[in-house]
Protein chains: 2
Amino acid sequence: MPIAPSGGVSYNRLLAALPEDGFKRLGPHLELIQLQLGSILYESGDHLQYVWFPTTAIASLQYIMEDGASTEVASVGNEGVLSVSLFTGSAVPPSRAIVQTGGYGYRIKVGVMLEEFHRSELLQRLLLHYIQSLIVQISLTAVCNRHHSIEQQLCRWLLSTINRQLSNELVVTQELIASMLGVRREGITEAAGNLKDAGFINYRRGHITVLDRAGLETLTCECYQVAKKEFGSLLSMYATTGHAHSQACSKK
Amino acid sequence: MPIAPSGGVSYNRLLAALPEDGFKRLGPHLELIQLQLGSILYESGDHLQYVWFPTTAIASLQYIMEDGASTEVASVGNEGVLSVSLFTGSAVPPSRAIVQTGGYGYRIKVGVMLEEFHRSELLQRLLLHYIQSLIVQISLTAVCNRHHSIEQQLCRWLLSTINRQLSNELVVTQELIASMLGVRREGITEAAGNLKDAGFINYRRGHITVLDRAGLETLTCECYQVAKKEFGSLLSMYATTGHAHSQACSKK
DNA sequence: CTCGTTTTGTGCGATACCGCACAGACAGGA
DNA sequence: TCCTGTCTGTGCGGTATCGCACAAAACGAG
């Protein structure tokens, strides 16, 4: 069961969980914009200008080290929101957010968002709950980095990515995956080769197609299931309200 | 500059940052209790009964895997609070909390705490800000697990532990450190041997003494400095109020 | 179609860490 | 005091990953 809903993916599930009136107040300030692969939404240390709610895009939260090496600590799709440090009290994020899968998302100015955050208790509950899921996701990354093989982590990464999109084809180079997982590119090449030999995926220059999701699930580590369950429980808690399909708003 | 204050350590710095009236409401419900090395405050999946504010004790937040292997994702001393998932909306924590350094701490029933959390905006701000620091700490664990050597991580662990206590002697076995870092015991033995040869630490069966903090700082990775800075900025934001030395209350 | 650039494949030695086995050293209780 | 269980030291082969170097293949622009 994929995290992505079966019917229509052009909305953000956190926004969709808002009640009618709460959504009405945010709606006029939401801007639908295109998020291009590789574009940086914010850098560690920036002063945040916007809060993003991805719809079809996926972003990656990364820590960049002094020597330039990077590690993804979490990723955010249409189940989440970017700039969470704003709600925990700091307009200066500790990580970088970079678009990992191109697509669309809504953005809203921090001022408007913060005001509504303080006004609406439900919005607070929703966002705090999302932060909880994020903490779990980051914790699992820590565990996974310690204990699991590159192949297992690649499976997890592939699965959690296709779960957030409709297509089972990813537009991404092995080099990029490597930099997100914080490993060598050759390590990804080898692991991907194994998965290809097993018939679970296929790929060509800059594209990966998942052929057998269940196969990948047999190879990946427990972290994948735990993370999926965490987000599942988050989202099932807030029944989707009727306006899910009417997130149309000022388009940029 | 250690995180622990120079004068007196028998209070919790988050509690100390509360204004007079906010603290007065919590005070009567705070119970000072002893936290023994190795005791488990909560397990992943438990229903939380208490919120803890360590004073001299230090707790470790761990993820336990199916095969029993564990990884510490963060640790909490007198700069923090345990059971944070309560504030983000779930009375069921995702991790285990175990006492890593014996000592004292305050506990308070979740009901009282939640009520005050919703009443006091400052308390909310404070706790959310702490959650922010926690996220940074967990993220750094993820980065560290990926990129840094056991020796570097051991240095970081030793430093962040003595920074939270007055003494520079730790009561802990190498076996325990290994299980927290998620590595082999022999790996710790070897790294500790190197640090001893370098004259930075000394140790005997179950005890480690830090002799040269600056020496350890030269060996550890950047994660240590980043984490320290994060907590420093958190705590400097909330000036200690006058009641810091009067956290006396119903003693168990 | 060709050329140049980007992406992927492969080989190799070096290294860090693991898993296991067991020896030695210490500490606290009988 | 000795004894016993716990903790630490050490050796050794196995493995995953790294770092580097370069070859081969794929794609896109001209």
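This structure is a prediction, so every number in the text was calculated from the model and none was measured.
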- Query: Roughly how many Å is it from CD1 in A:Ile150 to C1' in D:dC18, rounded to a whole number?
  - Reply: 9 Å

- Heavy-atom check, side chain of B:Cys221 versus side chain of B:His147, under 4.5 Å: no

- Task: Would you mind telling me which residue lines up with the more 5' stretch of DNA chain C, B:Arg205 or A:Tyr203, judged by nearest nucleotide?
- Result: A:Tyr203

- Query: With a 4.0 Å cut-off, would you call B:Arg107 and B:Glu31 a salt bridge?
  - Reply: yes

- Side-chain N or O of A:Arg204 closer than 4.0 Å to phosphate OP1/OP2 of D:dC27: yes

- Is any N or O donor-acceptor pair between the side chain of A:Arg185 and the base of D:dG19 shorter than 3.5 Å? no

- Sub-4.5 Å side-chain heavy-atom contact between B:Leu48 and B:Pro93: yes

- Query: Would you say a side-chain N or O of B:Gln174 is under 4.0 Å from OP1 or OP2 of D:dG9?
  - Reply: yes

- Note on the structure: Between B:Gly193 and B:Arg146, whichever has its closest DNA chain D nucleotide further toward 5' is B:Gly193

- Using the side chain to side chain donor-acceptor pair (under 3.5 Å) rule, take B:Gln153 and A:Arg146 through it: C-alpha gap first, then chi angles, then the decisive distance, then the call. CA-CA 12 Å; B:Gln153 293 182 50; A:Arg146 164 62 66 215; 2.7 Å; yes

- Message: Whether the side chain of B:Glu190 and the base of C:dC17 hold a donor-acceptor pair under 3.5 Å is what I'd like checked.
- Response: no

- Identify whether any heavy atom of A:Gly187 sits under 4.0 Å from a base atom; if not, whether one sits that close to sugar-phosphate; answer base, sugar-phosphate or nothing. nothing

- Hey, which of these two, A:His207 or A:Gln153, hits DNA chain D nearer its 5' end, going by closest nucleotide? A:Gln153

